[in-house]
Amino acid sequence: MSKSGFIAIVGRPNAGKSTLLNSVLGAKVSIVTPKAQTTRERVLGILTEKQGQIVFIDTPGIHRAKEGGINAFMVNEAREALESPTLVWYLVDPSSAPKHEAAVLELLAPSKAPVILLFTKSDVMMRAPQKAALERFQVDLKQALADKGIPLVESFRISARRNEGLKQLLALSWERMPEGPFYYPDEEQISDRPVRFFVAEKVREQLFLHLGQELPYSCAVEIESFEEPGGDKKLTRIEAVIHVERESQKGMVIGKGGQKIKEIGQAARAEIERFIEGPAFLGLRVKVLKDWTRNAEALKKMGYHLPEKGKNA
Ligand SMILES: Nc1nc2c(ncn2[C@@H]2O[C@H](COP(=O)(O)OP(=O)(O)OP(=O)(O)O)[C@@H](O)[C@H]2O)c(=O)[nH]1
Ligand SMILES: [Mg+2]
């Protein structure tokens, strides 16, 4: 019999969730940037091995969000991922402030699924006082989990960047998987999302990497058309729109003489070509969708469905 189950990867923004998923799968399923709140929607990563299948759910970072906007949508994505996982990987960046974990603990509490608590980025050097602080952090978090009745399987440090601790993590996780079916019978499939989603994400990743502090959070990417090569057409032809919230942001994304958008387009196209394993044309336009991050209708248009009232963080 094969084993299978779902693992929700949760934690604060920037904890290293998407990096860990990509390292475990050996493929770049989720976008990663140094900015917090990069991941905006749940993404599945599927690991199929001889013994069975683990379906990972990468989630947006959990934080205190105002009702009715994109941040509430993001936190709800994490909440839904926690509805019935087999196991939870709870990631904590040791350098973040312990008080911010309260929001994560609150969301974890109702699930009651067993948790593996992981302190990430173990490759980052620490001095003695930081090491001592981390030990206290670990003790406190274990206590907080116990207080909330959340079963803890194990707690240790990992580095997704250097593959440290990942073998142990996977071995422990397989142990916890019950007998079950392959949810995704195609062994080659590594995610549940269509190519269009990944293409939009590659553009979003470059917006995070090329634009100043707050601007990427005002951007949403919509794929208007996606034509696969065929006949005498050798390129995959993609037309995408970058939606910003205000007129003044349009110029900032385009840049002087169109320089900024050119850089973004070139970098995104390179990533897309790597992903689809073939040449691509990427056409980018910038449009204003007024206050889309705060407007239910506009959010819906971008594919971000808000939680029902009263379910917000
Ligand atoms: N040094 C080091 N940096 C890491 C490691 N894992 C992740 N990072 C960095 O931490 C930053 C955030 O990583 P992400 O994987 O995007 O974090 P996340 O938890 O998915 O963040 P959100 O999607 O914003 O919630 C990036 O700059 C990563 O390169 C690690 O093992 N070591
Ligand atoms: Mg992420």
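Computed from heavy atoms alone, side chains included, the values below leave out hydrogens, waters and symmetry copies.
- Side-chain atoms of Ser2 and Gln51 form no donor-acceptor pair, as typed in the model, at a separation below 3.5 Å.
- In this pair, Trp89 and Phe56 present their aromatic rings tilted. The plane angle is within the 30 to 60° band.
- Between atom CG of residue Asn295 and atom CE of residue Met302 there is a gap of 10.5 Å, rounded to the nearest 0.5 Å.
- The shortest side-chain heavy-atom distance between Pro60 and Glu41 does not fall under the 4.5 Å cut-off.
- We find the CD1-OG1 distance between Ile54 and Thr48 to be 10.0 Å, quoted to the nearest 0.5 Å.
- Cluster membership for Leu235 and Leu282, using ILVMFWY side-chain heavy atoms within less than 4.5 angstrom, is not shared.
- Counting non-hydrogen atoms of neighbouring residues, nucleotides and ligands closer than 6.0 angstrom, the CZ atom of Arg157 exceeds 12 such neighbours.
- For Arg64 and Glu106, the salt-bridge test passes: some basic side-chain N is under 4.0 Å from an acidic carboxylate O.
- Placement of Ile62 and Val88 within a single hydrophobic cluster is found when ILVMFWY residues are connected by side-chain heavy-atom separations under 4.5 Å, directly or transitively.
- For the residue pair Glu164 and Ser159, no side-chain donor N or O sits within less than 3.5 Å of a side-chain acceptor on the partner.
- At a cut-off of 3.5 Å, with distance as the only test, no side-chain donor of Thr236 or Glu228 sits close to an acceptor on the other residue.
- A 4.5 Å side-chain heavy-atom check between Asn71 and Lys66 finds every atom pair outside the cut-off.
- Remark: Leu207 CG to Thr38 OG1 distance equals 11.5 Å, nearest 0.5 Å.
- The side-chain heavy atoms of Ser191 and Phe198, taken from C-beta on, include a pair separated by under 4.5 Å.
- Between the side chains of Tyr90 and Glu101, at least one donor N or O lies within less than 3.5 Å of an accepting N or O.
- A salt bridge links Glu77 to Arg42: one of the charged nitrogens lies within less than 4.0 Å of a carboxylate oxygen.
- Here the shortest heavy-atom pairing between Glu273 and Pro279 reads OE2-CA, 3.3 Å.
- Side chains of Val253 and Lys260 form no contact here, defined as non-hydrogen atoms less than 4.5 Å apart.
- Shown here is Glu187, whose CD atom has no more than 12 heavy atoms of other residues, nucleotides or ligands within 6.0 Å.
- Counting only residues at least two apart or in different chains, ring-ring contact (aromatic ring centres under 6.0 Å, His included) contacts with residues 153-195 comprise Phe6-Tyr183.
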- What's the verdict on salt bridge (charged side-chain N to carboxylate O under 4.0 Å, His left out) for Arg294 and Glu67, showing C-alpha distance, side-chain angles and the deciding distance? CA-CA 9 Å; Arg294 283 173 286 161; Glu67 226 176 285; over 6 Å; no

Show every donor-acceptor pair shorter than 3.5 Å between a side-chain atom in residues 126-141 and any protein atom, with sequence neighbours excluded, or say none if there are none.
| unit_1 | atom_1 | unit_2 | atom_2 | d |
| --- | --- | --- | --- | --- |
| Gln130 | OE1 | Arg127 | N | 2.7 |
| Gln138 | NE2 | Ser155 | OG | 2.8 |

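- Remark: Arg237 is positioned above the aromatic ring of Phe281, its terminal NZ or CZ atom under 6.0 angstrom from the ring centre and at most 45 degrees off the axis.
- Looking only at side-chain heavy atoms (C-beta outward), Leu289 and Val244 stay at 4.5 Å or farther from each other.
- One hydrophobic cluster, built from ILVMFWY side chains closer than 4.5 Å, cannot hold both Ile9 and Val115; they sit in different ones.
- In terms of hydrophobic clustering, with Ile, Leu, Val, Met, Phe, Trp and Tyr side chains grouped at heavy-atom distances under 4.5 Å, Leu170 and Leu91 are assigned to a common cluster.
- For NZ of Lys233, the number of neighbouring non-hydrogen atoms (other residues, nucleotides, ligands) closer than 6.0 Å is 12 at most.
- For the pair Glu154 and Leu117, the minimum side-chain heavy-atom distance is 4.5 Å or more.
- Residues Leu118 and Leu172 share a single hydrophobic cluster, defined by chaining ILVMFWY side chains whose heavy atoms lie under 4.5 Å apart.
- Proximity of Leu105 to Lys148: side-chain heavy atoms (C-beta onward) are separated by under 4.5 Å at one or more points.
- Here the options are Leu44, Asp58, Leu47, Thr39, the test is side-chain contact (heavy atoms from CB on, under 4.5 Å), and the partner is Leu21; only Asp58 passes.
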- Dump the intermediate steps for salt bridge (charged side-chain N to carboxylate O under 4.0 Å, His left out) on Glu224 and Arg285, then the final yes or no. CA-CA 10 Å; Glu224 278 198 317; Arg285 286 188 302 143; 2.6 Å; yes

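- Across all non-hydrogen atoms, the minimal contact from Ala36 to Phe208 is O-CE2, 4.2 Å.
- The closest side-chain heavy-atom distance from Glu201 to Ser30 is not below 4.5 Å.
- Using a cutoff of 4.0 Å between basic side-chain nitrogens and carboxylate oxygens, Arg12 and Asp93 are not scored as salt-bridged.
- Checking each of Val24, Thr86, Ile116, Leu87 against Ile7 for a side-chain contact (heavy atoms from CB on, under 4.5 Å) leaves exactly one that passes, namely Leu87.
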